[in-house]
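First the proteins, then the strands, lettered A, B, ... as listed; each starts at 1.
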Amino acid sequence: MWDGGEIFTQKHSLNIDTLIHIQKKISEKALSSIKARLSRTPRTALGLDAAYSKRYGGVAIAALVDISNCGLIEYSVSIGEPKLEYIPGLLAFREAALFYTAIQGLKHQSYDVIVVDGHGVSHPRYAGIATHIGLALAKPSIGVAKKKLYGVLKIIKSRESCRDFPCVIGELIDKKRSDLVLAYAVIPKCRDKSPIYVSPGAHISLDDAYRVISSMLEKSPSKLPCPTYYADKLSKKIARGLDAGTLSPRSFKLGVLSTLDKYLIR
DNA sequence: GCGACAG
DNA sequence: ATCTTGTCGC
């Protein structure tokens, strides 16, 4: 019931215990879905990230990227007040609806994989925001987080011993099952000191997820893979423009986006 | 009871 | 996530 898109609608009650129950309920499906292998090498990716405006609330971005060259094909904006405060472990119930609206605004409704700013199954109930979204849309999804949420970090090698980058320096091990690896701790670039955490959301294995993210990191100007990099840059820029009065929410609903690219990206 | 705690 | 001063390096 809760992996069919309900995460995107706000018809559910926001009782904390209920939300936790919902996540426990989809956890089995999530864990079985990450056993799947990718049938085709993905060519396009959808990056999802959100920033916050003091005046208008959440600013979510869906950025469609050409994986071969990290080029931005198109992006869409969604602005609105989050229905839930931020609670560690329940991020999906705060941001997923905004992402859904942003995705609906894209001209191209075709993409091969989704990259979300946050965790996938490296979550106390194996249901991070990337997992919720991947199951709801029945698409391969990957979580890329800047900080750990759940799991025991097992260091595989020191950052200094990395020869090539991206470099996997560790794994996030499930606290309840020491044989289950939930995510890889990755140093994206030689210059980066702290790792990012790459975990499968749904319909993709950890190793396939890493292969996809690794190829993106090689072409990305940031420690974040390009889809998330664009979504991060755009959401922050727009949130600030909104608060400064430079941008109006109305301008986005009218599709006046193309001319903003040069101004927004960078 | 005490720490940990995505964005 | 956001806020915000100061510092380091190209």
- Message: A/Tyr184 vs A/Asp207, test: side-chain hydrogen bond (donor to acceptor under 3.5 Å, both in side chains). Steps then yes/no.
- Response: CA-CA 9 Å; A/Tyr184 287 147; A/Asp207 286 318; 2.7 Å; yes
Any donor-acceptor pair under 3.5 Å linking the side-chain atoms of [Y] with those of [X]?
{"X": "A/Tyr150", "Y": "A/Asp174", "result": "yes"}
{"X": "A/Ser53", "Y": "A/Asp243", "result": "yes"}
{"X": "A/Ser68", "Y": "A/Asp66", "result": "yes"}
{"X": "A/Lys148", "Y": "A/Ser122", "result": "no"}

- Task: Flag yes if A/Ile169 and A/Val198 sit in one hydrophobic cluster, no otherwise; membership is Ile, Leu, Val, Met, Phe, Trp, Tyr, and two members link when side-chain heavy atoms are under 4.5 Å apart.
- Result: no
- Item | Length of the line joining A/Tyr56:OH and C/dT2:P, which is rounded to integer Å |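 For the pair A/Tyr56 OH and C/dT2 P, the rounded distance is 17 Å.
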- Query: Would you write out the dot-bracket form of DNA chain C, 5' to 3', with Watson-Crick and G-U pairs under 3.5 Å, [ ] for crossing pairs, | for pairs to other strands and . for unpaired bases?
  - Reply: ..........
- Would you call A/Lys189 and A/Asp192 a salt bridge, using N to O less than 4.0 angstrom? no
- Query: Is A/Asp112 salt-bridged to A/Lys139, going by a charged N under 4.0 Å from an acidic O?
  - Reply: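 Not counted as a salt bridge, because no side-chain N and carboxylate O are separated by less than 4.0 Å.
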- Message: Going by disulfide (SG to SG under 2.5 Å), name the pairs with one or both residues in residues 189-231 of chain A, residues two or more places apart or in two chains.
- Response: A/Cys70-A/Cys226
- Task: Evaluate side-chain hydrogen bond (donor to acceptor under 3.5 Å, both in side chains) for A/Ser222 paired with A/Lys233, printing each intermediate quantity in order.
- Result: CA-CA 11 Å; A/Ser222 151; A/Lys233 281 290 185 244; over 6 Å; no
Do any side-chain atoms of residues 54-64 of chain A form donor-acceptor pairs under 3.5 angstrom with protein atoms, and if so which ones, sequence neighbours left out?
residue : atom : partner  : partner atom : Å
A/Arg55 : NH1  : A/Leu242 : O            : 3.2

- Heavy-atom protein contacts under 4.0 Å, nucleotides 2-7 of chain B, coded B base, S sugar-phosphate only, - none: ---BBB
- Note on the structure: Contact string for nucleotides 3-10 of chain C, one letter per nucleotide 5' to 3', B = base within protein heavy-atom range under 4.0 Å, S = sugar-phosphate only, - = neither, reads --------
- Pairs counted as Watson-Crick or G-U wobble with both distances under 3.5 Å: what dot-bracket string results for DNA chain B, using | for bases tied to another strand? .......
- Query: What about the rings of A/Phe8 and A/His132, do their centers lie closer together than 6.0 Å?
  - Reply: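 Not under 6.0 Å, so no.
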